[in-house]
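In what follows, a structure is listed as structure tokens, so that the remarks can point back to it.
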Amino acid sequence: MSALAPSPLAIVDAEPLPRQEEVLTDAALAFVAELHRLFTPRRDELLARRAERRAEIARTSTLDFLPETAAVREDDSWRVAPAPAALNDRRVEITGPTDRKMTINALNSGARVWLADFEDASAPTWENVVLGQLNLTDAYECRIDFTDERTGKSYALKGADELATVVMRPRGWHLDERHLQVEGRAIPGALVDFGLYFFHNAKRLIELGKGPYFYLPKTESYLEARLWNDIFVFAQDYVGIPQGTVRATVLIETITAAYQMEEILYELRDHASGLNAGRWDYLFSIVKNFRDGGSKFVLPDRNLVTMTAPFMRAYTELLVRTCHKRGAHAIGGMAAFIPSRKDAEVNKVAFEKVANDKDREAGDGFDGSWVAHPDLVPIAMKSFDAVLGEKPNQKDRLREDVEVAPEDLIAIDSLDAKPTYDGLVNAVQVGIRYIEAWLRGLGAVAIFNLMEDAATAEISRSQIWQWINAGVVLENGETVTADLARKVAAEELDAIRTEIGDEAFQGGKWQQAHDLLLQVSLDADYADFLTLPAYEQLR
């Protein structure tokens, strides 16, 4: 390992946490500081490039496959590195934050993979950032347990051969970690999450035969994938492990990345293990990038945009074809339903929808898919077992029948569905309820029997913004205006107060969440990410 001077990192405005010294060691902080010195300038350049590309989309209202990378797409000879044994069968993956209870339940869930999330399912409080790292290390050392103070129920890990393989997701490039600074400058959250996890666990995971593996969120271009690849190369040399040990799965959850899937795999080819088809973040990205593109880019209610919508189907079919052409896994989208303990009929209907969705993905050639709750693992497993049998994946299905033109990916107006008043109400309801929980440090929140994360709030507030600015007329004849959004938000706040009572209302952050939702939904200047102004209020 390289010998470095003491870390220049300062821990700023953070209360000491139990056992934080096990995570924030001098050596680990020195590694994070070196990542910051070497790679933050390029991160900054790439964020500026995002703004330039967004301005170009605003001018042209279109996207296309890149002419400058045509040679990469046309070269049929290259493939990504072969999947390691622990990532060869990924037929069901469960997602969730890294709190202690979730860590145990996810590892025990029966899923092949757990996406251990420091991103959209985790509000980045200092406690979540540091103790989440500690929970993962404790799990790898089989010294983790948990007792729920409310119910008295205890949780412990099963045997090692029954546990899911962990694929860790750091924060996106746009988020900083204000509690770790160099000369007054905050470190990118992605480098903090990746750096602490990699430094403490890379060698341990190699010994376990399970990593280190990562999910890369919010990627918008192949140049951002190249940055991650360079980070992996440096990090592997730094701790003295073989090149190519790291594996990364990239979430294709931005519209610009959908036009660069082959290039993204190419940049990461020595470290790539697959691509994942997101949903809410993908829709959020379409609204964000084409928000001033006129009526043909107006999305209807988010719950009416299913994965069978023509433009969504074009994206997922292209993803499967791209992955299998290059020897990578294609991982499907989220089943977010949270089973009801009170309503068997709600569960029956929802389970049928989940089964149909997973049957479709398995039939389309996906190698695995996501669920948000352990009860959904056997449902998804059954769908993929029926197609895969004993095979670990179906990468041999090349889907050469798939042909996707550039315009197919942004054919939003191919949908028959239109915005509705109920859709506006739902966006406000979910937005307020999610933001309130996020401001209290919760990133994965059950709302109306769905597990919601930050992407949910992003699509909710983006649709409110888009409908107002496009002058959308709803099915009841009302035009969506700022005043209408304020009226619906005020009614929802009153309904919440009635539902939970004055004491609980005052003890929460409901007014703050209401105000923040309206701020990012009504401001003329569209905020690139809701979590940027929200992070300023997260204490």
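In this chain, numbering begins with 1 at the start of the sequence shown. No experiment lies behind these values; they were computed from the predicted model shown.
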Within this structure, what is the [atom1]-[atom2] distance for the pair [X] and [Y], rounded to the nearest 0.5 Å?
X    : Y    : atom1 : atom2 : answer
L275 : L251 : CG    : CG    : 9.0 Å
N393 : C323 : CG    : SG    : 11.5 Å
T249 : R247 : OG1   : CZ    : 10.0 Å
L157 : N108 : CG    : CG    : 5.5 Å
W280 : D453 : CH2   : CG    : 10.5 Å
M168 : Y215 : CE    : OH    : 14.0 Å

Name the one of [options] that satisfies side-chain hydrogen bond (donor to acceptor under 3.5 Å, both in side chains) with [X]?
X    : options             : value
R169 : T95, D117, D193     : D117
D367 : H324, R90, Q394     : H324
E224 : Q260, R50, R49, R42 : R50

Tell me, do [X] and [Y] make a side-chain contact under 4.5 Å, heavy atoms counted?
X    : Y    : answer
K358 : F366 : no
L107 : K158 : no
R43  : L191 : no
M451 : V445 : no
R171 : K218 : no
L227 : Y222 : no
I104 : I144 : yes
T98  : Y197 : no

Whether over 12 other heavy atoms sit under 6.0 Å from [X] [atom1]:
X    : atom1 : value
D416 : CG    : no
Y259 : OH    : yes
Q20  : CD    : yes
K382 : NZ    : no

Where do R100 and D148 land on the salt bridge (charged side-chain N to carboxylate O under 4.0 Å, His left out) test, with the steps shown first? CA-CA 10 Å; R100 214 156 178 85; D148 190 317; over 6 Å; no
Does [Y] offer a backbone N or O that forms a donor-acceptor pair with the side chain of [X] under 3.5 Å?
X    : Y    : answer
N276 : G332 : yes
R79  : D76  : yes
N449 : I338 : yes
Q236 : G244 : yes
D301 : L304 : no
N356 : E352 : yes
K395 : G327 : yes

Would you sort out whether T219 and E253 count as a side chain to side chain contact (heavy atoms under 4.5 Å, CB included), showing the intermediate values? CA-CA 7 Å; T219 301; E253 56 185 352; over 6 Å; no
Assess, by modelled atom type and distance only, whether the side chains of [X] and [Y] contain a donor and an acceptor separated by less than 3.5 Å.
X    : Y    : answer
Q243 : D237 : yes
N128 : D99  : no
Y140 : E207 : no
T103 : N135 : no
E361 : S369 : yes
D528 : H174 : no

Do the charged groups of [X] and [Y] touch, with an N to O distance under 4.0 Å?
X    : Y    : result
R143 : E22  : yes
R226 : D230 : no
K325 : E74  : no
R321 : D401 : no
D145 : K101 : no
K391 : D89  : no
R397 : D364 : no

Verdict with supporting geometry, T256 and N289, side-chain hydrogen bond (donor to acceptor under 3.5 Å, both in side chains): CA-CA 9 Å; T256 51; N289 280 286; 5.5 Å; no
Please walk me through it: do E93 and R112 pass side chain to side chain contact (heavy atoms under 4.5 Å, CB included)? CA-CA 6 Å; E93 304 190 354; R112 299 298 170 90; 5.9 Å; no
Show your working on side-chain hydrogen bond (donor to acceptor under 3.5 Å, both in side chains) between T69 and E263 and close with a plain yes or no. CA-CA 7 Å; T69 54; E263 294 91 329; 2.5 Å; yes
D359/S383 under side-chain hydrogen bond (donor to acceptor under 3.5 Å, both in side chains): CA gap, chis, key distance, verdict: CA-CA 5 Å; D359 287 349; S383 295; 2.7 Å; yes
Of F39, Y238, Y213, F194, the residue whose pairing with F232 passes ring-ring contact (aromatic ring centres under 6.0 Å, His included):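 It is F194, the one option of F39, Y238, Y213, F194 that forms the ring-ring contact (aromatic ring centres under 6.0 Å, His included) with F232.
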Could you check V166 against F214 for side chain to side chain contact (heavy atoms under 4.5 Å, CB included), going step by step and ending with a plain yes or no? CA-CA 8 Å; V166 175; F214 298 92; over 6 Å; no
Would V233 and H271 satisfy side chain to side chain contact (heavy atoms under 4.5 Å, CB included), going step by step from the backbone distance to the final call? CA-CA 9 Å; V233 170; H271 302 105; 3.9 Å; yes
Full working for salt bridge (charged side-chain N to carboxylate O under 4.0 Å, His left out) between K288 and E458: CA-CA 10 Å; K288 175 162 68 172; E458 292 285 24; over 6 Å; no
Looking at Y282, does the NZ or CZ of R279 lie under 6.0 angstrom from its six-membered ring centre and within 45 degrees of the ring axis?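 So R279 doesn't make the cation-pi contact.
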Test the R326-W78 pair against the cation-pi criterion, namely NZ or CZ under 6.0 angstrom from the six-membered ring centroid and within 45° of the ring axis.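 Output yes; distance and angle both within limits.
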